[in-house]
Amino acid sequence: MNATEATCGRGTYATRRGRTAGERAPDRRAVGPAAAGPAATVASGRAAQELGLKRGEFELAVHLGLIGTETPPGGGNPRVRRAEIDRIRATAGFPDSLRDRVRTAGTAEAAALLGISPVRFTGLARVGCVSPVAFYLNRYRAVVWLYLVEELTAFAAREPELLGGRTPDGMRAVLKAGCDRRARNWRAHRTGRLLSRTADPWARAAVRASALDSVQLAGVERAYLVRTRPAGAFGRPGSVSGREAMEQLMLADEPDEILWCRVNLVTELDRARESRPAPRPGDDRPRCGPAAVPPGLRVPPRPVGREGRGGHGRPAGPRRPGLRLRLLSRLGLGTAAPPRPPGRDR
């Protein structure tokens, strides 16, 4: 943290060398439009400190929409408005209430919280009963999934019969077949959250494209979609191989998931092209977040579907006859399942 970030939002009173006793220090309080400038925002590190959150907890809170951020007009790292910090600090039960909403647990801790064995919890997670919200790579570059404690307790109250007794036959068959939906559900959860933070059609198309390998993207907008992919998977790998492992985890890897992502991308591209041509290099409009909304455009509330909770909902809008066939035809897939892309077999 630099000196500017360390003192941002904190009043300092010092006399400069050579200032006379009768000289009055200039008034640095912003008035009118100036209040909306950098002085009204703080860096993410400073905001996390004032909210009593660790760095990972702060990132998760932003991801979940609990803390609003904005990108400076000239670009750079997202910042938090002073008013947003004051709003959160004024909520009942702060800071414990905020920490509870971003508290996560790994497999062992989550199993202990639910009163079941780690093996049984892993099975529940693999079939999609609970979905991870974040992950990190351990020293062996193995993926360690993290789950929201708030969602775990809600699941226990909603499905108590799955926590004890014999595992249902259907679940046993799915597990025996080697099903593991943890990565897929995490991707869907991430996509849903990113889509909820922007109304810009091209930013939404870039979010959809982020789950597809570059070879899956076609058309004149390919370069733009690749360039504007949203970044920020949880965890920070310390090696090139770790970074590559994280990038692979963010890509759809099953034929039906790839097909679903491509269908959604085609739908978003249609809407984006109707809005305006693809932005050219140098367009610095933020990709997502509150600042991505064009001036004067209000983001309508979206119903929470399966996609925002780790499932795969259907595209928004009315269904039209023959839409599925037309989309498959445009993708060059017909009615057959798409082949697995090369190099993705695990």
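- Applying the salt bridge (Lys or Arg N to Asp or Glu O under 4.0 Å) rule to pairs touching residues 143-170 yields Arg166-Asp169, sequence neighbours excluded.
- Listed by chain and number, the residues in a side chain to side chain contact (heavy atoms under 4.5 Å, CB included) with Ala156 are Leu114, Leu163 (sequence neighbours excluded).
- Annotation: side chain of Arg204 is not in contact with side chain of Asn264 (no heavy-atom distance under 4.5 Å).
- Side chains of His189 and Pro132 form no contact here, defined as non-hydrogen atoms less than 4.5 Å apart.
- In terms of the side chain to side chain contact (heavy atoms under 4.5 Å, CB included) criterion, residue partners of Val143 (sequence neighbours excluded) are, by chain and number, Phe135, Leu137, Trp145, Leu249.
- Closest non-hydrogen pair, Thr167 versus Met171, comes out as CG2-SD, 3.7 Å.
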### Query
What do the steps show when you test Leu98 against Leu53 for side chain to side chain contact (heavy atoms under 4.5 Å, CB included), and what is the final call?
CA-CA 9 Å; Leu98 179 60; Leu53 298 176; 3.7 Å; yes
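- The salt bridge (Lys or Arg N to Asp or Glu O under 4.0 Å) contacts involving residues 120-140 comprise nothing, where partners must be two or more places apart or lie in separate chains.
- Taking 4.5 Å as the limit, every side-chain heavy atom of Asn77 sits out of range of all side-chain heavy atoms of Ser44.
- Under the side-chain contact (heavy atoms from CB on, under 4.5 Å) test applied with Val80, the options Leu51, Val62, Ile67, Thr41 reduce to a single match, Ile67.
- Side-chain atoms of Asp256 and Arg184, non-hydrogen and from C-beta on, do get closer than 4.5 Å to each other.
- Legend: ring pair (Phe, Tyr, Trp, His ring centres under 6.0 Å) pairs involving residues 159-179, not counting sequence neighbours: none detected.
- Among pairs with a residue in residues 74-128, those fulfilling ring pair (Phe, Tyr, Trp, His ring centres under 6.0 Å) read Phe121-Tyr147, at least two apart in sequence or across chains.
- Taking each heavy atom of Arg276 and Asp200 in turn, the nearest pair found is NH2-OD1, 2.7 Å.
- Contacts classified as side-chain hydrogen bond (donor to acceptor under 3.5 Å, both in side chains) and involving residues 107-119 (residues at least two apart or in different chains) are given here: Arg103-Glu109.
- Between Leu64 and Arg193 the shortest heavy-atom distance is O-NH1, 3.5 Å.
- Of the charged side-chain nitrogens involved, none lies within less than 4.0 Å of a carboxylate oxygen, so that Arg181 and Glu254 do not count as a salt-bridged pair.
- Residues that satisfy the side chain to side chain donor-acceptor pair (under 3.5 Å) test with Asp100, not counting sequence neighbours, are absent from this structure.
- Between Leu225 and Leu269 there is a side-chain heavy-atom pair separated by less than 4.5 Å.
- Note that CH2 of Trp202 is 5.5 Å distant from CZ of Arg273, once rounded to the nearest 0.5 Å.
- A pairwise comparison of heavy atoms in Val149 and Thr104 identifies CG2-C, 4.0 Å as the closest pair.
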### Task
For side chain to side chain contact (heavy atoms under 4.5 Å, CB included), just list the numbers for Glu59 and Val102, CA-CA rounded to whole Å, side-chain angles, deciding distance to a tenth of an Å, and then say yes or no.
CA-CA 9 Å; Glu59 292 177 349; Val102 296; over 6 Å; no
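- The structure places OG1 of Thr191 at 8.5 Å from CH2 of Trp186, a figure rounded to the nearest 0.5 Å.
- In this structure, Arg182 and Asn185 have side chains that are not in contact, with every pair of non-hydrogen atoms separated by 4.5 Å or more.
- One finds no salt bridge joining Arg271 and Glu274 here, because no Lys/Arg side-chain nitrogen approaches an Asp/Glu carboxylate oxygen to under 4.0 Å.
- Contact check for Arg208 versus Leu195: side-chain heavy atoms found under the 4.5 Å cut-off.
- Salt bridge annotation for Arg81-Glu70: present, with a cationic side-chain nitrogen under 4.0 angstrom from a carboxylate oxygen.
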#### Entry: Worked verdict on Asp86 versus Arg89 for salt bridge (Lys or Arg N to Asp or Glu O under 4.0 Å)
CA-CA 5 Å; Asp86 294 340; Arg89 291 175 63 91; 5.4 Å; no
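- In this structure, Asn138 has no side chain to side chain donor-acceptor pair (under 3.5 Å) partners at least two apart in sequence or on a different chain.
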### Worked check of side chain to side chain contact (heavy atoms under 4.5 Å, CB included) between Arg190 and Ser210
CA-CA 10 Å; Arg190 174 178 178 269; Ser210 65; 3.7 Å; yes
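- With sequence neighbours excluded, no residue forms a ring-ring contact (aromatic ring centres under 6.0 Å, His included) with Phe58.
- The heavy-atom pair separating Leu152 from Ala105 by the smallest distance is CD1-CB, 4.5 Å.
- We find the CG-CD distance between Leu66 and Glu57 to be 11.5 Å, quoted to the nearest 0.5 Å.
- Between atom OG of residue Ser97 and atom CD1 of residue Ile88 there is a gap of 9.5 Å, rounded to the nearest 0.5 Å.
- Contact detail for Pro72 and Arg79: the closest heavy-atom pair is CG-CD, 3.8 Å.
- Residues passing the side chain to side chain donor-acceptor pair (under 3.5 Å) test with Arg172: none are found, sequence neighbours excluded.
- Residues Leu162 and Pro168 are in side-chain contact: their nearest non-hydrogen atoms beyond the backbone lie under 4.5 Å apart.
- Not counting sequence neighbours, the partners of Pro78 by the side chain to side chain contact (heavy atoms under 4.5 Å, CB included) test are Thr69.
- Heavy atoms from other residues, nucleotides or ligands lying under 6.0 Å from CZ of Arg101 number 12 at most.
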